[in-house]
Structure formats: structure tokens, C-alpha cells
Number of protein chains: 2
Amino acid sequence: MHYTRDNMASLLRSHDINPTHQRIEIAHALFSRQEHLSADQVMAIVNTRHSETSKATVYNTLKLFLEKGLVREVIVDPSKVFFDPNTSPHHHLYEIDTGHLSDIDASHVQISGLPPLPDGMVTEGIDLIVRVRRKA
Amino acid sequence: MHYTRDNMASLLRSHDINPTHQRIEIAHALFSRQEHLSADQVMAIVNTRHSETSKATVYNTLKLFLEKGLVREVIVDPSKVFFDPNTSPHHHLYEIDTGHLSDIDASHVQISGLPPLPDGMVTEGIDLIVRVRRKA
DNA sequence: CACCAATCTGGACTTTGTCTAATATCCGGA
DNA sequence: TCCGGATATTAGACAAAGTCCAGATTGGTG
Ligand SMILES: [Mn+2]
Ligand SMILES: [Mn+2]
Ligand SMILES: [Zn+2]
Ligand SMILES: [Zn+2]
């Protein structure tokens, strides 16, 4: 399955999102790269060559994708949020020096011994972030 | 051991920090409460009654505390950083609705199966965040 | 074509955080 | 005590990420 714009349209429809030109471009930026991108980076990618999509639309669209479960949010840098086209459960490795964020497959990682949740609470997600730095 | 201002001064000295009036007040805000506070919250606490400490000093001081290992940074909310007076290894529970952040004791939690680090990299820390929401 | 709802847009605005140049404080030596 | 330099604090300008809104576009449908 390639990440053509047509396939992006189907993907959007399957998540109950009306596939407009801008939404298709933004989805294509994320899914064709399979990388963690900030709103700023998405903006830059989508607007290479000629400017097509406004800042407001980029933010609105990413928020929409989030609500519809098409992407996931990764909060590891205090100065910007990353959007992640990989919504399967997985963890993250963050290289502090470079700002590069990569996936850690969850299938072999095991987390045990977490205390029971407070009453009336339900888990929205468990984020495990390994912060690394180049050895001195 | 109470969190008197005198004890704060000793604590600062023991971390190689020159204990000034402002630094003592900021340390006192964090340690007497033993809570996770944002820079904004620290600012508000320290400046109740009469204004004493500037925004620049609050940020400078929190960064200094961080460098000297007196506090830890917790990144869970895309809109602000929390500072944590508890530097022992522990995890966090984040209530998305309220923004409230609490500690999870690390002693019973076990994380296994993490892949080996990329070459030349060293772990700076492992953050485990359980995001919860009030049940619908 | 005319209409309506959904979408997109520029730009003003807010918030968190940084930077800088001027001032204040502290401390050791003469 | 007075001086001089180092350290610390400050106000306010600035920057970057993100939000908001009122007006313009778009894309069907009758
Ligand atoms: Mn294009
Ligand atoms: Mn006071
Ligand atoms: Zn990921
Ligand atoms: Zn904590």
C-alpha cells in the first residue's frame, strides 16, 4: 500500500474526515514520511514551492486528525508538540541534542507493577519516553 | 526536617547554589509544598502580598536549580513545563481534565525489554507518564 | 444559476519563555 | 570604612507556538 493522495483520501474518509485538498496534503506529509512532525514542519512541507495552506488550517487539521484518532500527539519537547502517524501502541526515544524522535516497538517492552488507578479514572494512554544524549 | 527558609539555604549550599533571598523563596515554594509547579505558579506564590521577584529571575532560578540537580523537569502538558522537587526516580500520573500531576512510586514499577541504546548514546532519564481522564 | 454548509484564510492576539543592558548586591582586600 | 569586581536581579523588548475570529472560498444540490 503506497501513500498516494488517493489513498490518503480513502484513509481520511475511513476516519470520518471530509477529504479536502489541504487535509490530503497534510495527511500525505505525515504518512508518506512515517515520521514525527511538528506543526511547523508540516506547514513547511505542505507549503514548499508555492504557499497553499494557512497556519490556521494546519493547526485546525492536526487537531481534527487527533480527535478522529488518525494521528497521535507526542509531548517530549517543551517548545513544540510532535504529531505521530503511528497510532499503534509504542514508545519513544528522544535524542535531546538533536531533537530527533524515534519509535520503540512496544511488543517486547513490559511495564509491570503500576498502582491501581484512582477511582472513576480511566487510562487514556501510557507514554514511555527514553531521553538520551550523545556520550560526552 | 521542616522546610524552613534556613534549611532552604543549607539545601541550596549543598547543591553549590549561592542562597540569595529570591532563590530561597523559590526553593521554599517548591519544597514546602512538595508539588509539581509551573514557572507561572512559582511566580504567583513567590509574589503574593508584595511583588519581590521578577519573571526573569524565576526562569533563571528554575533553570539553575535544574542544572544543579535540585529539581527535575516534567513535560506532560504542551503548554507549560512543571518543576518537581522530588528528584528520586519516580513516575507520573497526569489527570488530563484538571491538569493535576501526581507521583507514582518507582519502587514497585518494573520496565523490561527496552532495546539497547544506539551507539555512543547514554540515557539521561526514562519518563513514564500515565495519562488518565475522568470516566465518562 | 442561487443557495447553504463546510472549510479556509490573514492577521490580530495570547501565552510561555528568552534576551539584554542597566542596576543592585555582595564580598574580600587596602 | 571604602573600593572594585564579580554575581545576581530587574524591566521590558522580543520570539515562537498556538488560538481565535470575521470574512472569503469552495463544493455540492435544487
Ligand atoms: Mn501542491
Ligand atoms: Mn517575602
Ligand atoms: Zn511514534
Ligand atoms: Zn514528580
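Because the structure is a prediction, the values reported are computed rather than measured. Per chain, numbering begins at 1; letters A, B, ... match sequence-line order.
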Assess, by modelled atom type and distance only, whether the side chains of A:Asp40 and A:Ser38 contain a donor and an acceptor separated by less than 3.5 Å.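 Their side chains do not contain a donor-acceptor pair, so the 3.5 Å distance test is not met.
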If you measure only the distance, is there a donor-acceptor pair under 3.5 Å linking the side chains of A:Tyr94 and B:Asp127? no
[X] near the nucleic acid: base, sugar-phosphate alone, or nothing, with a heavy-atom cut-off under 4.0 Å?
X: B:Thr57; value: base
X: A:Ser38; value: nothing
X: A:Thr53; value: sugar-phosphate

On the 0 to 90° scale, with breaks at 30° and 60°, tag the B:His92-B:His36 ring pair as parallel, tilted or perpendicular.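 Taking B:His36 first and then B:His92, their aromatic rings stand perpendicular (interplane angle over 60°).
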Establish whether the base of D:dG12 is bridged to the side chain of B:Lys55 by a donor-acceptor pair shorter than 3.5 Å.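 No, no donor-acceptor pair under 3.5 Å.
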Nearest of C:dA6, D:dT9, C:dG17 to any side-chain atom of A:Asn18? C:dA6
Of C:dG17, D:dA8, C:dG10, the nucleotide closest to the side chain of A:Ser54 is C:dG10
Taking atom [atom2] of [N] as reference, at what distance in whole Å does atom [atom1] of [X] sit?
X: B:Lys80; N: C:dG17; atom1: NZ; atom2: C1'; value: 13 Å
X: B:Asn47; N: D:dT9; atom1: CG; atom2: C1'; value: 13 Å
X: B:Asn60; N: C:dT20; atom1: CG; atom2: P; value: 12 Å
X: B:Met43; N: C:dT18; atom1: CE; atom2: P; value: 14 Å
X: A:Asp40; N: D:dA17; atom1: CG; atom2: C1'; value: 8 Å
X: B:His21; N: D:dT9; atom1: NE2; atom2: C1'; value: 12 Å
X: A:Glu52; N: D:dT25; atom1: CD; atom2: C1'; value: 15 Å
X: A:Phe65; N: C:dT7; atom1: CZ; atom2: P; value: 12 Å

Any A:Tyr59 side-chain nitrogen or oxygen under 4.0 Å from OP1 or OP2 of D:dG18: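 Looking at the OP1 and OP2 atoms of D:dG18, one of them is under 4.0 Å from a side-chain N or O of A:Tyr59.
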C:dT25, OP1 or OP2 - any side-chain N/O from B:Gln22 closer than 4.0 Å? no
Heavy-atom nearest nucleotide on DNA chain C for A:Thr61 versus B:Phe83: which residue maps closer to 5'?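 Residue closer to the 5' terminus by nearest nucleotide: A:Thr61.
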same_hphob_cluster(B:Phe65, B:Leu101) at 4.5 Å side-chain heavy-atom cutoff: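 In one cluster: no.
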Mapping B:Pro78 and B:Thr20 to their closest nucleotides on DNA chain D, which lands nearer the 5' end?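 Closer to the 5' end of DNA chain D: B:Thr20.
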Contact summary for B:Ala106 and B:His90, nearest pair of heavy atoms: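 For B:Ala106 and B:His90, the tightest heavy-atom pair comes out as CB-CA, 3.7 Å.
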